[in-house]
Amino acid sequence: MISLIRSIQLRDPIEPTFMEVALGYNGFHAVIWHRFSHLLWSWKLRALARLSSNLARMITGVEIHPQAQIGQHLFIDHGTGCVIGQTAIIGNDVTLYHGVTLGGVGKGVGPKRHPTIEDGVMIGSGAQILGDIIIGSGARVGSNSVVVQNIPAGCTAIGIPAKIICKDGRTSGAYGMPETSDWVI
């Protein structure tokens, strides 16, 4: 818990005090509460896990399914409205802003319906990351973007539907289609 608070202090530009984070950050409270709900889920106490996560949602405004897997140092800044689905996997040192959805698309095929977010990813406010896709390490997702395809490590996704832009000049348009003038549909 102390390392989570310290990581939030380092990433939040307003440089909050330890006590500000511990007492006043709903994203911090949501992550801590999720750890408890996830533990109940792992013990097969699913009704209690759901009750616990529902209470956390009512208090924090952040909805995290108790089965979701969350790594170390998740920072949910201004977390109200965030939704993290049942089969979502979040790596270490990830930053989510308010209103982010890590959601599924329909019933899907197989047991994994929600995204995997690798280490060091930043997802802007209002972004929707949908389906069993992978957001690579160090990737960035712009505010209000809708992402329905994998994003390579270190790249940025912006827009509706998201266009991927990488530092090496690679780009792709909607649904991974190359951005070239000679592309024929």
Side-chain angles (χ1 to χ4, degrees), residues 1-105 112-135 137-147:
M1 181 167 30
I2 291 172
S3 68
L4 175 58
I5 292 173
R6 296 275 187 238
S7 76
I8 291 170
Q9 287 179 289
L10 291 172
R11 286 189 276 170
D12 193 330
I14 67 163
E15 300 176 6
T17 66
F18 186 91
M19 292 307 290
E20 281 180 290
V21 175
L23 298 175
Y25 275 50
N26 67 332
F28 167 73
H29 299 140
V31 170
I32 296 302
W33 206 317
H34 169 73
R35 302 272 185 231
F36 176 70
S37 299
H38 186 72
L39 183 64
L40 292 172
W41 188 270
S42 72
W43 289 344
K44 307 279 190 241
L45 299 172
R46 296 194 172 166
L48 287 176
R50 289 288 199 134
L51 174 63
S52 173
S53 68
N54 196 41
L55 291 171
R57 180 187 54 81
M58 288 189 289
I59 292 169
T60 67
V62 178
E63 181 174 339
I64 307 174
H65 191 284
Q67 186 179 338
Q69 298 174 43
I70 296 177
Q72 296 297 308
H73 307 138
L74 172 62
F75 177 26
I76 305 175
D77 196 9
H78 304 286
T80 303
C82 284
V83 176
I84 299 173
Q86 179 177 8
T87 60
I89 300 171
I90 300 175
N92 299 322
D93 303 307
V94 170
T95 301
L96 305 178
Y97 290 93
H98 65 277
V100 167
T101 298
L102 304 180
V105 286
K112 182 89 166 79
R113 300 180 325 277
H114 300 88
T116 296
I117 311 298
E118 293 183 345
D119 297 346
V121 170
M122 189 283 300
I123 302 176
S125 53
Q128 310 296 302
I129 316 296
L130 305 173
D132 181 14
I133 60 175
I134 298 172
I135 309 302
S137 294
R140 303 287 182 254
V141 177
S143 295
N144 296 314
S145 296
V146 177
V147 180

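The analysis underlying the following values was restricted to heavy atoms, covering all of them including side chains, and did not include hydrogens, waters or symmetry mates.
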Rounded distance (nearest 0.5 Å) linking atom [atom1] of [X] with atom [atom2] of [Y]:
X: Ile76; Y: His34; atom1: CD1; atom2: NE2; result: 9.5 Å
X: Leu102; Y: His114; atom1: CG; atom2: NE2; result: 8.5 Å
X: Ile70; Y: Arg35; atom1: CD1; atom2: CZ; result: 6.0 Å
X: Ile134; Y: Ile89; atom1: CD1; atom2: CD1; result: 9.0 Å
X: Gln86; Y: Gln67; atom1: CD; atom2: CD; result: 4.5 Å
X: Thr17; Y: Gln9; atom1: OG1; atom2: CD; result: 7.0 Å

Problem - Main-chain N/O of Gly61 paired with Glu63 side-chain donor or acceptor, under 3.5 Å - result: no

Fill in the blank from the handout: Per side-chain contact (heavy atoms from CB on, under 4.5 Å), Cys82 is matched among Val100, Thr101, Asn26, Ile123 by Val100

Atom of [X], atom of [Y] and distance for their closest heavy-atom approach:
X: Ile32; Y: Met1; result: CD1-CG, 4.0 Å
X: Gly131; Y: Val105; result: CA-CG2, 3.9 Å
X: His29; Y: Thr60; result: CB-CG2, 3.9 Å
X: Val94; Y: Gly91; result: CG2-O, 3.7 Å
X: Val121; Y: Gly138; result: CG2-N, 4.1 Å
X: Ile5; Y: Ala22; result: CD1-CB, 3.9 Å

Is there a side-chain contact between [X] and [Y], using heavy atoms and a 4.5 Å cut-off?
X: Arg50; Y: Pro66; result: yes
X: Ile84; Y: Leu96; result: yes
X: Val31; Y: Phe75; result: no
X: Asp12; Y: Tyr25; result: yes

Handout entry: Asp77 versus Thr95, side-chain donor and acceptor atoms under 3.5 Å
Key = no

Exercise for the section: Using distance alone, with no hydrogens and no angle criterion, decide if Ser37 and Ser52 have a side-chain donor and acceptor under 3.5 Å apart. Expected result: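 Yes, side-chain donor-acceptor contact under 3.5 Å.
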
Exercise for the section: Decide side chain to side chain contact (heavy atoms under 4.5 Å, CB included) for Asp119 and Asn92; before the verdict, give the C-alpha distance in whole Å, the side-chain angles of both, and the deciding distance to 0.1 Å. Expected result: CA-CA 5 Å; Asp119 297 346; Asn92 299 322; 3.7 Å; yes

Problem - Ile14, CD1 atom: more than 12 neighbouring heavy atoms under 6.0 Å - result: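 Enclosed.
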
Practice task
For His73, enumerate each residue passing the ring pair (Phe, Tyr, Trp, His ring centres under 6.0 Å) test, keeping only those at least two apart in sequence or located in another chain.
Solution key: none

Handout entry: ring pair (Phe, Tyr, Trp, His ring centres under 6.0 Å) partners of His98, counting only residues at least two apart
Key = none

Exercise for the section: For Trp33 and Leu55, run side chain to side chain contact (heavy atoms under 4.5 Å, CB included): C-alpha distance rounded to whole Å, both residues' side-chain angles, the deciding distance at 0.1 Å, then the answer. Expected result: CA-CA 9 Å; Trp33 206 317; Leu55 291 171; 3.8 Å; yes

